[in-house]
Amino acid sequence: MSTARPAEPARLTDVLKGPGYLKTLLLSGLVGIPVSLVAFWFLAGIHELQHVLWSGLPQAFGWASAPW
């Protein structure tokens with residue numbers, strides 16, 4: 001019985017430990033973190049705008065709630 005590893009897992013290990021893969025992970029992190037922060041703050045801004053539009057604005061006009 002042979003104890004040698006198959007070629008495919010060995011190749012995968014080489015790819016995962018290679019410098020190209022690590023550079024790709026670093027680049028993905030450098031791009032992904034700012035993009036996710038921008039998306040978060042965009043959605044937070046939209047949420048606040050909805051509160052202003054549907055709660056604050058009708059109260060500014062003297063209504064108890066939004067007129068439907």
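Here the structure is a predicted model, which is why all the values come from computation and not from measurement.
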Peer 1: My understanding is that only residues two or more places apart in sequence, or in another chain, count here; which of them pass ring pair (Phe, Tyr, Trp, His ring centres under 6.0 Å) with Trp63?
Peer 2: Phe61
Peer 1: Return the minimal non-hydrogen interatomic distance between Pro34 and Gly29, and the atom names on each side.
Peer 2: CD-O, 4.1 Å
Peer 1: Going from CD1 on Ile46 to NE2 on His51, what distance comes out if it is rounded to the nearest 0.5 angstrom?
Peer 2: 12.0 Å
Peer 1: Rounded to the nearest 0.5 Å, how far does CD of Glu48 lie from CH2 of Trp41?
Peer 2: 10.0 Å
Peer 1: Can you tell me how far apart OH (Tyr21) and CG (Asp14) are? Round to the nearest 0.5 Å.
Peer 2: 14.0 Å
Peer 1: Mark yes or no for whether Ser55, through its side chain, and Val52, through its backbone, hold a donor-acceptor pair below 3.5 Å.
Peer 2: no
Peer 1: Could you go through the side-chain contact (heavy atoms from CB on, under 4.5 Å) check for Leu27 and Val31 one step at a time?
Peer 2: CA-CA 6 Å; Leu27 178 64; Val31 170; 4.2 Å; yes
Peer 1: Is it the case that over 12 heavy atoms from other parts of the model lie below 6.0 angstrom from the CD1 atom of Ile33?
Peer 2: no
Peer 1: State the CG-CZ distance between Leu37 and Phe42, to the nearest 0.5 angstrom.
Peer 2: 15.0 Å
